[in-house]
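Along the sequence shown, residues carry numbers from 1. For the numbers below, each heavy atom of this structure counts, side chains included, while hydrogens, waters and symmetry mates do not.
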Amino acid sequence: MDRFKTILNIASKQTNLGFGLVALLTAGGEQIFSSVAFKCPCNELNFLYGLVFLLVPALALLLLGYILSKKMWILFTGLWHNRAKLCCWKNLAATCTAFFQISSTALVAPSTWFAVALLNGNYYECAMTGTNVSVYNQYLCKDMNSELDCAKKLHMLPCDKRNEEVLRTLRSQSQILGWLVITFIMLSSLLIICLARCNSPISHHQLKFWRAYAQEESELMDLYTNKHAKDLAERNLKSFFNQMEPANITTPSNKDWEKISLLYKFSTKDHFYSTLHRYVETNQEGDGIRMVSVRSNESTDNPAVLHFVDDGMVSI
């Protein structure tokens, strides 16, 4: 168990390694799911059944990626109370940019599922034998001796296995689509990363330092938050049960929490690496969009950066 936790800790600190681990686990899960749970019905439900197994798990993985994303909830917490500020073009663009950056991470697992499922071919094979498009059915059965019977009984082929020519054709189509999906994902990812790095306002080594700082700050924030909450709870319980005056424990005010809960906007004019860093150094509120459930009348004009440290992306 300790070794497993160590591996997860290393993967969480290395973005590429973490993505690779997620992709590997998704691919393994798809193989197990395909061999254990998937059974093509070989009737009029073929198309719907195959399509559901191909797309619905990918959609579920995408939603799970959003749910498990800490940055997702940093972005949306209190957003409804600041909906008037979203009317500003810069703030709306910053929110959309941050959501796009979150989505790029959440899409790793579903895109892996979709690509691996196409390479496997079982779902595509089942779905396409259940189509009602006569032209496509005739195309699949064009090399068969009894083309008419083949087109009528196409939905039985995944269970019959006697007409291997048609099944091989469907499997080859699925695998071609799978490799095209993989190529598109790789090229689009490379293009986005290259554009982000070309527009990066800082050097490569400073970006690595910023990434390391952000990771350490996030981990220490969780540790300090849990420790402070535990100390405060213990003090209150001791005061209640012992009927004594509570010890003095300083807790940040609502305004202080607000100041460190902004979407951070990078600026080359200072050397701050987070809203917490800026708060500690200046003890004053900077520019950004409030993401807490507190109403505010203060205006913000600058776009924000949420995922810059992970992907080298810059705000628009």
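- Atom CD1 of I176 is separated from atom CZ of R171 by 13.0 Å, given to the nearest 0.5 angstrom.
- For the atom pair M244 CE and R235 CZ, the distance stands at 10.5 Å (nearest 0.5 Å).
- For the pair Y123 (side chain) and V52 (backbone), a donor-acceptor distance under 3.5 Å is absent.
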Any chance you could lay out the side-chain contact (heavy atoms from CB on, under 4.5 Å) test for I192 and F100, step after step, and finish with the verdict?
-> CA-CA 11 Å; I192 292 174; F100 171 78; 4.0 Å; yes
Between F33 and W113, does a side-chain contact (heavy atoms from CB on, under 4.5 Å) hold up when you go through it step by step?
-> CA-CA 11 Å; F33 201 72; W113 173 279; 3.6 Å; yes
Would C40 and C159 count as a disulfide bond (SG atoms under 2.5 Å apart) if you check the C-alpha gap in whole Å, the side-chain angles of each, and the deciding distance to 0.1 Å?
-> CA-CA 8 Å; C40 189; C159 298; 5.7 Å; no
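- Rounded to the nearest 0.5 Å, atoms NZ (K70) and CD1 (I102) are 12.5 Å apart.
- Residues K259 and R278 have side chains not in contact (no heavy-atom distance under 4.5 Å, counting atoms from C-beta outward).
- Put simply, the side chain of S69 never gets that close to the backbone of G65: no donor and acceptor are under 3.5 Å apart.
- In this structure a side-chain-to-backbone donor-acceptor pair under 3.5 Å is present from T131 to M128.
- The backbone N or O of E30 lies less than 3.5 Å from no partner atom in the side chain of S34, so there is not a single donor-acceptor pair.
- Two residues are said to be in side-chain contact when any heavy atoms from C-beta on lie closer than 4.5 Å; S188 and L191 fail this criterion.
- D222 and T225 are not linked by any side-chain donor-acceptor pair at a separation below 3.5 angstrom, with hydrogens and angles left out of the test.
- Using a distance-only test at 3.5 Å, with no hydrogens or angles considered, a donor-acceptor pair links the side chain of S189 to the main chain of I185.
- Residues T112 and A23 share a closest heavy-atom pair of CG2-O, 3.3 Å.
- Connection of I182 to L118 is not established within any shared hydrophobic cluster, with ILVMFWY side chains joined at heavy-atom distances below 4.5 Å, either directly or through further cluster members.
- A donor-acceptor contact shorter than 3.5 Å links the side chain of N43 to the backbone of L45.
- The number of heavy-atom neighbours closer than 6.0 Å to OH of Y213, taken from other residues, nucleotides and ligands shown, is above 12.
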Should S239 and N236 be marked as a side-chain hydrogen bond (donor to acceptor under 3.5 Å, both in side chains) after you check the CA-CA gap, both sets of side-chain angles, and the distance that decides it?
-> CA-CA 5 Å; S239 176; N236 293 338; over 6 Å; no
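- Proximity of a side-chain donor or acceptor of H228 to a complementary backbone N or O of L223 within less than 3.5 Å is not detected.
- Taking the six-membered ring for Trp, Y279 and F272 have ring centres at least 6.0 Å apart.
- A donor-acceptor contact shorter than 3.5 Å links the side chain of H277 to the backbone of Y273.
- Heavy atoms from other residues, nucleotides or ligands lying under 6.0 Å from CZ of F38 number more than 12.
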Show the numbers, then the answer: is there a side-chain contact (heavy atoms from CB on, under 4.5 Å) between M156 and T129?
-> CA-CA 8 Å; M156 292 297 298; T129 54; over 6 Å; no
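- Residues V116 and L61 do not share a hydrophobic cluster, clusters being chains of Ile/Leu/Val/Met/Phe/Trp/Tyr side chains in contact below 4.5 Å.
- A donor-acceptor pair under 3.5 Å is formed between the side chain of W73 and the backbone N or O of I67.
- Between F76 and M72 there is a side-chain heavy-atom pair separated by less than 4.5 Å.
- With 3.5 Å as the limit, one finds no donor-acceptor pair spanning the side chains of T105 and K71.
- Put simply, the side chain of T275 gets close to the backbone of I260: a donor and an acceptor are under 3.5 Å apart.
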Hey, mind stepping through L55 and F114 against side-chain contact (heavy atoms from CB on, under 4.5 Å) and telling me if it holds?
-> CA-CA 7 Å; L55 298 180; F114 189 66; 3.6 Å; yes
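- Other residues, nucleotides and ligands contribute more than 12 heavy atoms inside 6.0 Å of the CG atom of N226.
- Under the salt bridge (charged side-chain N to carboxylate O under 4.0 Å, His left out) criterion, K227 pairs with D231, not counting sequence neighbours.
- Checked against the 6.0 Å centroid threshold, F99 and Y66 count as a close aromatic pair.
- The side-chain heavy atoms of P41 and C126, taken from C-beta on, include a pair separated by under 4.5 Å.
- Under the 4.5 Å side-chain contact rule for hydrophobic residues, L54 and V181 share a cluster.
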